[in-house]
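Have a look at the structure below, then the notes.
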Amino acid sequence: MAQKRFQAPRGTRDLLPEDLVLIRHLERTAHRLAASYHYLEIRPPLFEETRLFQRSLGESSDVVEKEMFTVPRRGRSQDPGEAFTFRPEGTAGVARAYVEGGFAARAPLQKWYYLGPMFRYERPQKGRERQFSQFGVEVFGAAGAAMDAEVILLCLRFFQALGFGEQLEVRLNTMGDPEDRDRWREALKAYFEPLLDGRCADCRERFQRNVFRLLDCKVAACQEAIAAAPKLRPLLGAESGRHFEEVLAGLQALGAKVVEDPGIVRGLDYYTRTVFEVHYPPLGARSALCGGGRYDGLVAEMGGPPTPGVGFAIGLTPTELALKELDLPPKADLADLKDALKPQIYCVALGEEDRAETLALTTELRDAGLTGIELDARGKSFKAQLKEAGKRGVHWACLLGSEERASSTVVVKDMQEGGQEAVPRAEISAWFFQRQAAASTGAALP
RNA sequence: GUGGGUAUAGCUCAGUUGGUUAGAGCACCAGAUUGUGGUUCUGGGGGUCGGGGGUUCGAGUCCCCUUACCCACCCCA
């Protein structure tokens with residue numbers, strides 16, 4: 001490049017019309033499913049006070065420590081907590097909205113979902129971007145295991161609706177209540193401390209930052225030590241132990257494939273009790289499609305009354321990649337969105353003197369409520385207009401010349417079948433309505 | 001933050017042991033006699049070979065630096 005050209009910032013990408021076929025299908029699947037479970041949409045701002053994330057995700061979490069997109073506030077101190085940060089995840093903002101809106105007092109049970117962009121300043125790689133979208137769900141005010149199961153099932157159904165098959169599985173674990181967790185953390189620290197010399201560099205680092213994550217190390221030499229590490233289950237309080245069993249039983253009763261996985265340790269501080277991921281093993285290394293769990297202390301942490309919560313977040317990009325890899329969803333599911341990329345009707349002017357009338361015809365069809373109506377925008381010749389229509393895959397071309405004007409008709413040419421017929425000018429909209437309705441085009445509108 | 005890979009037209013790529021005005025396919029634009037597309041044919045626009053420095057009579061082709069992107073690790077959606 002001779003001149004340095006502009007380019008999309010690292011870790012971002014342009015979602016072009018073609019890309020949006022699949023993405024919009026993901027989005028509408030999310031909306032439909034949420035409606036079916038009666039979760040209502042919420043749209044918090046894309047940025048929040050930095051301290052909100054520091055508080056909820058935990059100061060020592062990777063996200064807060066090195067992945068936040070933060071902008072200083074004008075005229076404020078340099079204190080980082082005073083700044084704004086583009087949301088790195090959805091739960092904190094939604095929980096803040098719950099507290100700020102006073103829902104705990106007036107309508108404590110709220111089932112919400114959101115769909116939109118998140119931002120993390122990290123090194124991009126396949127399926128990981130600095131701006132990415134998530135579909136997430138948060139339920140406040142329901143403490144019972146039944147709600148954990150409902151949320152997890154909803155997550156599962158989302159992937160099933162997209163065509164993922166039998167191999168979908170839920171990996172379930174519990175982090176216990178805060179007291180359980182504290183006891184476990186101490187036990188792990190005490191256990192690993194004398195063994196640190198034999199651990200990999202990453203594990204020594206994890207020991208300092210977050211012992212729990214040491215349990216998920218893949219290095220062979222660490223595996224044995226991990227296998228013998230203290231387990232949470234014996235330390236679990238009676239209540240949280242029973243809760244875990246109930247979630248497990250509840251999911252199994254609904255026919256979900258669930259495996260217990262002690263390696264599931266979420267990186268954010270706010271999780272309590274249930275933590276889970278949804279995996280699709282055929283995807284290999286990137287089989288994790290969704291992560292979530294219970295966060296009973298979060299609302300209180302934010303200054304609201306003690307209120308239980310549970311939710312999940314699904315990354316749309318990994319899902320998108322997985323769908324492409326698996327050649328899903330079924331083509332028929334995308335047909336309407338794909339069709340919408342092509343004009344349905346292309347109005348063609350025979351000569352220069354026919355352009356005004358062609359524009360009038362185009363406008364009439366558009367005003368009538370038909371979709372996908374186009375005409376030449378570049379002063380092309382008659383032949384070139386037809387060529388253009390053919391190239392763009394239009395269904396019908398409306399030909400308008402002196403003969404048609406004289407007889408008040410329009411020649412409608414079927415660009416796919418090849419035939420053509422003269423339709424009275426006055427009946428043209430109705431003529432198309434009959435056929436478009438039959439083809440049920442326009443269903444792709446948002 | 002760590003490690004590795006790549007960088008030639010809008011896209012996918014050729015460019016021989018360094019040597020005349022850097023090529024192809026696709027895409028794009030315009031034509032092939034007066035009112036009809038998708039095939040075919042002809043012509044056309046478009047790259048100073050990511051950027052900078054060096055070696056050389058001469059570098060897209062060798063060396064160094066740099067930037068961007070990609071992949072993996074960490075972590076995560």
Side-chain angles (χ1 to χ4, degrees), chain A residues 1-13 16 26 57 60-67 87-91 115-136 155 200-206 209-210 212-214 216-219 264-268 277-279 285-292 312-322 346 348-351 353-354 376 378-394 396-405 411-420:
Chain A
M1 312 301 138
Q3 247 238 300
K4 187 171 180 188
R5 298 200 295 183
F6 291 110
Q7 56 184 203
R10 179 171 213 184
T12 67
R13 62 179 170 145
L16 304 173
L26 295 187
L57 310 185
S60 68
S61 65
D62 272 42
V63 173
V64 168
E65 205 155 311
K66 51 190 188 189
E67 296 176 358
R87 62 183 190 186
E89 55 97 58
T91 304
L115 197 51
M118 308 291 164
F119 306 83
R120 287 187 199 175
Y121 202 102
E122 59 184 336
R123 192 93 155 228
Q125 59 179 279
K126 199 169 188 61
R128 238 167 80 184
E129 303 161 300
R130 288 184 173 181
Q131 178 183 328
F132 57 97
S133 282
Q134 286 186 337
F135 163 44
C155 178
C200 63
D202 283 334
C203 279
R204 284 199 290 273
E205 170 70 14
R206 292 184 183 109
R209 294 172 62 80
N210 185 345
F212 301 125
R213 256 177 280 174
L214 211 147
D216 202 21
C217 184
K218 290 147 200 106
V219 176
I264 303 293
V265 179
R266 312 253 81 216
L268 308 178
E277 292 178 1
V278 169
H279 282 253
R286 293 197 313 281
S287 69
L289 295 169
C290 167
F312 67 72
I314 294 169
L316 259 37
T317 305
T319 305
E320 189 189 340
L321 251 38
Y346 199 98
V348 174
L350 267 294
E353 65 283 2
D354 301 310
D376 172 49
R378 294 185 287 182
K380 285 173 177 282
S381 68
F382 172 54
K383 280 184 88 150
Q385 287 178 60
L386 267 182
K387 200 178 262 187
E388 170 95 8
K391 195 176 59 189
R392 294 178 61 183
V394 319
W396 292 285
C398 287
L399 312 186
L400 210 59
S402 51
E403 288 178 23
E404 288 71 29
R405 279 193 289 150
V411 168
V412 179
K413 180 180 172 71
D414 188 321
M415 299 292 282
Q416 276 149 35
E417 305 301 320
Q420 66 181 48

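Each chain gets a letter, A, B and so on, in the order its sequence line appears, and its residues count up from 1.
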Each nucleotide in nucleotides 68-77 of chain B should get exactly one letter: B, S or -. Can you fill that in based on protein heavy atoms under 4.0 Å? SS-SSBBBBB
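- Taking atom P in both B/A24 and B/U42, the straight-line distance is 13 Å, to the nearest Å.
- At a threshold of 4.0 Å, the pair A/Arg266-A/Glu277 counts as salt-bridged, since one of the basic side-chain nitrogens sits closer than that to a carboxylate oxygen.
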Contact list (N/O, under 3.5 angstrom) for nucleotides 38-46 of chain B vs protein:
| residue | atom | partner | partner atom | Å |
| --- | --- | --- | --- | --- |
| B/G38 | N2 | A/Met415 | O | 3.3 |

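- Rounded to a whole Å, the CG atom of A/Asp354 is 16 Å from the P atom of B/U34.
- The backbone N or O of A/Arg213 sits nowhere less than 3.5 Å from a side-chain atom of A/Asp216 that would complete a donor-acceptor pair.
- For A/Thr12 and A/Glu129, the side-chain atoms include no donor-acceptor pair closer than 3.5 Å.
- Side-chain contact check for A/Cys217 versus A/Arg206: some heavy-atom pair is nearer than 4.5 Å.
- Helical stems of RNA chain B (runs of at least 3 Watson-Crick or G-U pairs, donor-acceptor distances under 3.5 Å) are listed by first residue: B:1-7 with B:67-73, B:10-13 with B:23-26, B:28-32 with B:40-44, B:50-54 with B:62-66.
- Between the C1' atom of B/G35 and the CD atom of A/Glu403 lies a distance of 7 Å, rounded to the nearest Å.
- A/Arg13 comes within 4.0 angstrom of nothing in the nucleic acid, heavy atoms only.
- Toward the 5' end of RNA chain B, the nearer of the two residues A/Val394 and A/Arg378, judged by each one's closest nucleotide, is A/Arg378.
- Between A/Lys66 and A/Glu122 there is no salt bridge, since no side-chain nitrogen of the basic residue lies less than 4.0 Å from a carboxylate oxygen of the acidic one.
- A donor and an acceptor atom never sit less than 3.5 Å apart when one is taken from the side chain of A/Glu65 and the other from the base of B/G1.
- Within the 4.5 Å cutoff, side-chain heavy atoms of A/Lys126 are placed close to those of A/Leu321.
- One interatomic measurement links the two molecules: NZ of A/Lys383 to C1' of B/C29, which rounds to 16 Å at whole-angstrom precision.
- In this structure, A/Arg209 and A/Glu65 have side chains that are in contact, with non-hydrogen atoms separated by less than 4.5 Å.
- When all heavy atoms of A/Thr317 and A/Gly127 are compared, the pair lying nearest together is CG2-CA, 4.1 Å.
- Across B/U61 and B/U16, the matching P atoms stand 11 Å from one another, rounded to whole Å.
- Separation of the P atoms belonging to B/U48 and B/C11 is 14 Å when rounded to the nearest angstrom.
- Distance noted for atom C1' between B/A7 and B/G52: 15 Å (whole Å).
- Going from the P atom of B/G15 to that of B/G23 covers 15 Å, rounded to whole Å.
- Comparing the same atom, P, in B/U6 and in B/G10 gives a spacing of 23 Å after rounding to whole Å.
- At a threshold of 4.5 Å between non-hydrogen side-chain atoms, the residues A/His279 and A/Leu289 do not count as touching.
- Comparing the same atom, P, in B/C62 and in B/G25 gives a spacing of 27 Å after rounding to whole Å.
- Taking 4.5 Å as the limit, every side-chain heavy atom of A/Val394 sits out of range of all side-chain heavy atoms of A/Gln416.
- Taking the ring centre of A/Phe132 as origin, the terminal cationic atom of A/Arg120 falls outside the region bounded by 6.0 Å and 45° from the ring axis.
- Using C1' as the reference atom, B/G58 and B/U21 are 16 Å apart when rounded to the nearest Å.
- For a distance-only test at 3.5 Å, the side chain of A/Gln385 fails to qualify as a donor-acceptor partner of the base of B/U36.
- Residue contacts shown for A/Glu404 include a base, since a base heavy atom lies under 4.0 Å away.
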